[in-house]
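In what follows, chains are A, B, ... by sequence order, proteins preceding strands, each numbered from 1. Predicted, not measured: the structure shown is a model, and the values here were computed from it.
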Amino acid sequence: MTIIEILKNAVLESLAIYGQSFTPKDFQVSETNPEFEGDYTVILFSLIKNLKKSPDVLGSELGKHIIENNGSIFYGFNVIKGFLNISVTDEYLTAFLQKNHNHKSFGKQQPNGKKIMVEYSSPNTNKPLHLGHLRNNFIGWSIAEILKANGYEVIKTCIVNDRGIHICKSMLAWQLFANGATPQSTNMKGDHFVGDYYVKFNNEYKKQVEELIQTGRTKDEAEKEAPLMKETQQMLVDWENNDAEVKQLWKKMNAWVYEGFEITYKRIGSDFDKTYYESETYLLGKDFVYEGLDKGILYKKDDESIWIDLTENGLDEKLVLRGDGTSVYITSDIGLAKQKYEQYGPDQSIYVVGDEQNYHLKVLQVICKKLGMPFADGIYHLSYGMVELPTGKMKSREGTVVDADDLIDEMILTAKRHTEELGKVKDFHEEELQKLYETLGLGAMKFYLLRVDPKKRMVFNPEESIDFHGFTGPFVQYTFARIQSVLKKVGSLQLAVASEQQTTNNYPPSTIHQLLPLEKQLILKLEQFSAAIAQARDELNPSVIANYVFHLAKIFNSFYTEHSIVNAENELKKNLRLSIADMTANVLGSGMQLLGISMPDRM
RNA sequence: GGCCCCGUAGCUCAGUGGAUAGAGCAACAGCCUUCUAAGCUGUGGGUCACACGUUCGAAUCGUGUCGGGGUCACCA
């Protein structure tokens, strides 16, 4: 149990003396504002109405009662206006520290038997990944880790959008303009190579449309009649008819893209337990359409197309099958959702998808519900905001995207520059250096993208490079490296002995009441780690963890500057501070691991 | 136009019913003979878009206005 939970229970027990029943939701407990004495605060306003007591009287009575019955945990209180401020005893905190400082998985929950699927990443195979994909990947990966830390079994999945008209565009452009060039012959990364042909297509297509408009066509007509568009559509038809030549080209170009993606995914540490390919799933979902038709949930229009009416849900009428019997996006998505459920039987299925698809995901869930799918209620759209540039949205077609590979390179280079300027690791071998640059560069980038609430849009300014100071990944990594340095200096042997002494022989009573403010603050903060993990799960929000580790590191750095660990006043203090340092490093390490960020021992 | 999201310091963001609204960056002033200065300490910086309302108490909840974005495809 956390201290806040203990305090809440203590309040409830104390309230029982008034003969009324209360629940934990009837009052709030928060951290005490630093300007007042105390560690945690019970807010009394919501209670005084029912009890018809003044805040002062209620606060005093509660405070007294809580301390009488929980003397080993709480020791002093004051009541100011409607706030009851209570202090936590040093005994409790030191005992907590002794018990947990060496506990590597502190804060994490035991398996709870529930299974959650997390779908993220979902790239298109016609262009390389950009900054928006990075945000998606980092959020998805981190959410999976956070769920695991809360005891869930997690299956990470990815649906690759490897077919459709947009894929044919780059295929056609390659056929027309490449003269047989390959990633090898041009020495390019496969996904970038293919992406360039997608851009090429759009440029040429635009020219054709403009020419047609000059001959007097409307924009709509021109867009439909442009030869490139007609050829693309023909190619899609050929693809669906299993035309050998088209399929072969498709396979060849997709292989190039996968090769490129593989490199990027490996660098950023994204991985999946199961990858679905749209080319294999796009035909799914037709069976339920005919079922739904029989049940009268769906209806057919004159042109044989099949629809569902969602107007009673505040949505529109939605097409689920074209007149020619082919699927649309929503149909295969429902089919895939069903397949995922049949294959893995998750209790919940989280879709990490951009907020521009809010409507689509809403429709998906509503249709599944109407069709009586058992997994409908478990669908959850983790809707994250777009990464925008100061000039607005990133648009592939206008070349205003921040390329993922470029950004990663730049981050690693910046890490290298900082490291060389500081010159602290001159004894590192080339391989160690390279690893360090990656750890720091990726750490900075992941932290930057995860420290913001996923739901919110965020602005990235390419002119200002991502920082390595302040509220950043490297700041937390630096704190960790400093601790490692201290622990190394003392030697792991001594630390082991120290912790053994502490658990077998308690501190003499005369010394335990003397935690210094920063020591106490740190232990209190460490104690809140499990609450942070739980909050991150409740909100499906990695930024909770980013904020937590930053604040912990911040307090530690103040402590580190203020008090010497190795040259502490006496052996007891030294052991205490070593335990604090050790536990801080452990918690920073597991917190950052939840964000997909690794820690260097030196930097 | 309908529906949805957002508006907090110069910039990027926390805070979503509690005490005098916080960080980081940027600016300025200090701190390395002592465990890593990618650090620490301090200063300045706010009409929480605006108005009205609910409440003992509102950045937080409600209504309206203004501003920004998304979406409303037989694209994915």
Inset, instruction - Identify which nucleotide among B:G39, B:U12, B:C4 has an atom closest to any side-chain atom of A:V459, counting heavy atoms from C-beta outward. - result: B:U12

Inset, instruction - Spell out, as yes or no, whether a donor-acceptor pair under 3.5 Å connects the side chain of A:Y548 to the backbone of A:K525. - result: yes

Inset, instruction - Go through residues 313-325 of chain A and report each residue with a non-hydrogen atom lying under 4.0 Å from RNA chain B, sorted by number. - result: A:D316, A:L319, A:R322

Legend entry - Donor-acceptor contact present, side-chain A:R577 to main-chain A:E519, <3.5 Å: no

Legend entry - Touch class at under 4.0 angstrom, heavy-atom based, for A:Y560 against every strand present: base

Inset, instruction - With the side chain of A:D467 defined as its heavy atoms from C-beta on, choose the nearest nucleotide among B:C13, B:C25, B:G70. - result: B:C25

Inset, instruction - Give A:T479 one of three labels, base, sugar-phosphate or nothing, depending on what nucleic acid heavy atoms sit under 4.0 Å from its own. - result: nothing

Legend entry - Parallel, tilted or perpendicular: ring planes of A:F83 versus A:F45, cut at 30 and 60 degrees: perpendicular

Legend entry - Spacing of the C1' atoms in B:G7 and B:U41 (rounded, Å): 34 Å

Inset, instruction - Could you measure between the two C1' atoms, the one in B:C61 and the one in B:U16, and give it in whole Å? - result: 9 Å

Inset, instruction - Using a 4.0 Å heavy-atom cut-off across all strands, classify A:K554 as base, sugar-phosphate, or nothing. - result: sugar-phosphate

Inset, instruction - State whether the aromatic ring of A:F550 stacks on the base of B:A23, taking stacking to mean ring centres under 5.5 Å apart and ring planes under 30° to each other. - result: no

Inset, instruction - Find out whether the Lys NZ or Arg CZ of A:K340 is both under 6.0 angstrom from the six-membered ring centre of A:Y351 and within 45° of the ring's axis. - result: yes

Inset, instruction - Could you check whether A:S558 gets within reach of a base, just the sugar-phosphate, or nothing at all, counting any heavy atom under 4.0 Å? - result: sugar-phosphate

Inset, instruction - Can you tell me, in whole Å, how much space there is between the P of B:A21 and that of B:C48? - result: 10 Å

Legend entry - Inter-nucleotide P distance (B:A27, B:G22), Å rounded: 24 Å

Legend entry - Distance in angstrom units between A:K300 NZ and B:C74 P, rounded: 18 Å

Legend entry - pi-stack flag for A:Y478 and B:G39, centroid dist under 5.5 Å, interplanar under 30°: no

Inset, instruction - Ignoring hydrogens and angles, tell me if any N or O in the side chain of A:S305 forms a donor-acceptor pair with the backbone of A:R322 under 3.5 Å. - result: no

Legend entry - B:C56 to B:A14 separation - C1' atoms, rounded to the nearest Å: 27 Å

Legend entry - Identified stems (criterion: three or more consecutive Watson-Crick or G-U pairs, under 3.5 Å), RNA chain B: B:1-7 with B:66-72, B:10-13 with B:22-25, B:27-31 with B:39-43, B:49-53 with B:61-65

Inset, instruction - Report yes if some heavy atom in the side chain of A:V544 is under 4.5 Å from a heavy atom in the side chain of A:D538; otherwise report no. - result: no

Legend entry - Syn/anti state for B:C32 [syn: chi within 90° of 0]: syn

Inset, instruction - Determine the interatomic distance between P on B:G62 and the same-named atom on B:U54; round to the nearest Å. - result: 15 Å

Inset, instruction - Check whether any side-chain N or O of A:T281 sits under 3.5 Å from a backbone N or O of A:L284 as a donor-acceptor pair, and report yes or no. - result: no

Inset, instruction - Using modelled atom types only, decide if a donor and an acceptor are shared between the side chain of A:N575 and the backbone of A:L572 within a distance under 3.5 Å. - result: no

Inset, instruction - Have a look at A:E278 and say if it touches a base, only the backbone sugar-phosphate, or nothing, with a 4.0 Å heavy-atom cut-off. - result: sugar-phosphate

Inset, instruction - Sticking with atom C1', work out how far B:C32 lies from B:C13, rounded to a whole angstrom. - result: 32 Å

Legend entry - Minimum-distance nucleotide (side-chain atoms of A:R451 versus B:A19, B:U71, B:U12): B:U12

Inset, instruction - Report the residues that fulfil side chain to side chain contact (heavy atoms under 4.5 Å, CB included) with A:R602, sequence neighbours left out, ordered by chain and then residue number. - result: A:V425, A:D427, A:F428

Legend entry - 5'-most by nearest nucleotide on RNA chain B - A:E31 or A:Y359: A:E31

Inset, instruction - To the nearest 0.5 angstrom, please state how far the OG1 atom of A:T41 sits from the CG atom of A:N85. - result: 4.0 Å

Legend entry - Near-parallel close stack of A:F475 and B:G39 base (under 5.5 Å, under 30°): no

